[in-house]
Amino acid sequence: MENIAENIAAVQKKIAAAQERGLHSSKNIQLLAVSKTYPIERIREAVAAGQLAFGENRVQELVEKFEHEPELGWHLIGHLQTNKVKYLIGKTRLIHSLDSMELAKEIEKRSAAQALQTNVLVQLNIAMEETKSGLEEGELSDFLDEVCSLPHLRVCGLMTIGPHVEQPEEIRSVFSRLRQLRDAQLQIQRPNCDPSLLSMGMSGDYEIAVEEGANILRVGSAIFGQRNYS
Ligand SMILES: *Cc1c(COP(=O)(O)O)cnc(C)c1O
């Protein structure tokens, strides 16, 4: 059985070292523990070790865990289908995976109905992998112009998933590109929009992500151990 407290401490130590090394690293970095497939008991072990923010990639699983622990910060990191939005609103701190105007409009509608403002990140597919969702970088500015006109959404930043590559340096170029896109968008004034967050880096590549300026890391297996999807 994994010792979750020890794993979190080890990850935090590597984050601090990468932060020290990186020329572009952020001052404040939030570690999100990706708890998909893990039961609430293991999540509570992480809470006992001081971890308060968790990432899930399925709405149903997030909502079930929220019902157990509504005080924790639940982030939706996986692809979000429009027809699931109604179950999610009011239960998530941050949606990392906004990738279409249709989805934005549904989040707007459901948030308005509950008189809430929902925090979102725009997901980009920098490496243009066919298997991954997310906007292409050329679409970002127009997309933000439109999304930021929706008063019940707040755009808090950008997210990407590192590509599957042999060379870690290829991942680095994707992460540094996301940072550059974020820096460019920060120059543009829009309502309901402060895209300062950069969600990038998972168990295999979070140190590179920290060096390249990530300020939210999505780390699962390095904390909870290998997942069993059965
Ligand atoms: C599962 C998942 C993670 C965490 O992956 P690990 O390799 O276990 O750290 C991060 N981001 C997304 C979008 C995921 O689905």
Side-chain angles (χ1 to χ4, degrees), residues 1-15 18 29-40 42-43 45-46 49 51-65 72-81 84 88 92-100 103 119-135 156-166 168 170-172 174-175 178-179 197-230:
M1 196 87 139
E2 295 288 324
N3 184 321
I4 290 172
E6 277 176 17
N7 290 351
I8 291 174
V11 169
Q12 293 284 16
K13 208 169 152 190
K14 287 186 183 170
I15 292 171
I29 299 179
Q30 182 179 22
L31 173 62
L32 199 61
V34 175
S35 47
K36 64 191 185 198
T37 76
Y38 288 98
I40 201 75
R42 307 246 68 198
I43 291 168
E45 284 179 52
Q51 179 66 37
L52 298 174
F54 294 87
E56 290 286 335
N57 67 346
R58 291 175 53 241
V59 171
Q60 191 185 336
E61 192 171 341
L62 184 152
V63 168
E64 282 169 14
K65 288 172 176 172
L72 298 176
W74 294 103
H75 293 222
L76 187 84
I77 61 172
H79 180 68
L80 176 56
Q81 287 173 281
K84 301 276 170 66
L88 181 65
T92 183
R93 273 312 146 80
L94 183 62
I95 296 171
H96 291 230
S97 49
L98 178 64
D99 61 358
S100 77
L103 180 59
N119 296 325
V120 301
L121 304 179
V122 176
Q123 182 172 353
L124 282 125
N125 186 355
I126 306 265
M128 308 248 270
E129 289 179 294
E130 280 178 22
T131 51
K132 296 209 172 103
S133 35
L135 302 186
C156 304
L158 307 178
M159 177 274 218
T160 200
I161 300 176
H164 284 289
V165 289
E166 301 293 321
E170 287 178 55
I171 300 183
R172 183 182 300 282
V174 166
F175 290 163
L178 195 73
R179 183 189 71 246
L197 296 181
L198 274 183
S199 167
M200 52 192 200
M202 321 193 337
S203 294
D205 54 23
Y206 69 89
E207 290 164 273
I208 299 173
V210 169
E211 289 171 14
E212 294 303 329
N215 49 26
I216 305 192
L217 311 172
R218 310 180 307 269
V219 177
S221 46
I223 292 174
F224 292 105
Q226 285 305 316
R227 279 181 294 275
N228 179 358
Y229 282 100
S230 64

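All heavy atoms count here, side chains included; hydrogens, waters and symmetry mates do not. Just follow the structure's listing: the first ligand is 1, and inside any ligand the first atom is 1.
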If we check side-chain contact (heavy atoms from CB on, under 4.5 Å) with Leu76, which of these qualifies: Leu94, Leu62, Asn57, Leu121? Leu62
For Glu212, is there an ion pair with Arg172 - N to carboxylate O distance below 4.0 angstrom?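 Here Arg172 pairs with Glu212 in a salt bridge, since their nearest N and O are under 4.0 Å apart.
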Ignoring hydrogens and angles, state whether a donor on the side chain of Thr160 or Gln123 is under 3.5 Å from an acceptor on the partner side chain.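 Checked: Thr160/Gln123 side chains show no N/O donor-acceptor pair below 3.5 Å.
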Would you tell me whether Ser199 and Arg218 have side-chain atoms, one donor and one acceptor, within less than 3.5 Å of each other?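 Yes - a donor-acceptor pair under 3.5 Å links their side chains.
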Rounded distance (nearest 0.5 Å) linking atom CG of Leu197 with atom CD1 of Ile216: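 Those atoms lie 4.5 Å apart.
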Using 30° and 60° as the class boundaries, would you call the ring planes of Phe224 and Tyr38 parallel, tilted or perpendicular?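 Judged by the thresholds at 30° and 60°, the geometry between Phe224 and Tyr38 is parallel.
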Quick one: table the atom pairs, ligand 1 N or O against protein N or O, below 3.5 Å, distance rounded to 0.1 Å.
residue  : atom   : partner : partner atom : Å
ligand 1 : 8 (O)  : Ser221  : N            : 2.8
ligand 1 : 8 (O)  : Ser221  : OG           : 3.0
ligand 1 : 8 (O)  : Arg227  : NH1          : 2.8
ligand 1 : 8 (O)  : Arg227  : NH2          : 3.0
ligand 1 : 9 (O)  : Ser203  : N            : 2.9
ligand 1 : 9 (O)  : Ser203  : OG           : 2.5
ligand 1 : 9 (O)  : Gly220  : N            : 2.8
ligand 1 : 11 (N) : Arg218  : NE           : 2.9
ligand 1 : 15 (O) : Lys36   : NZ           : 2.7

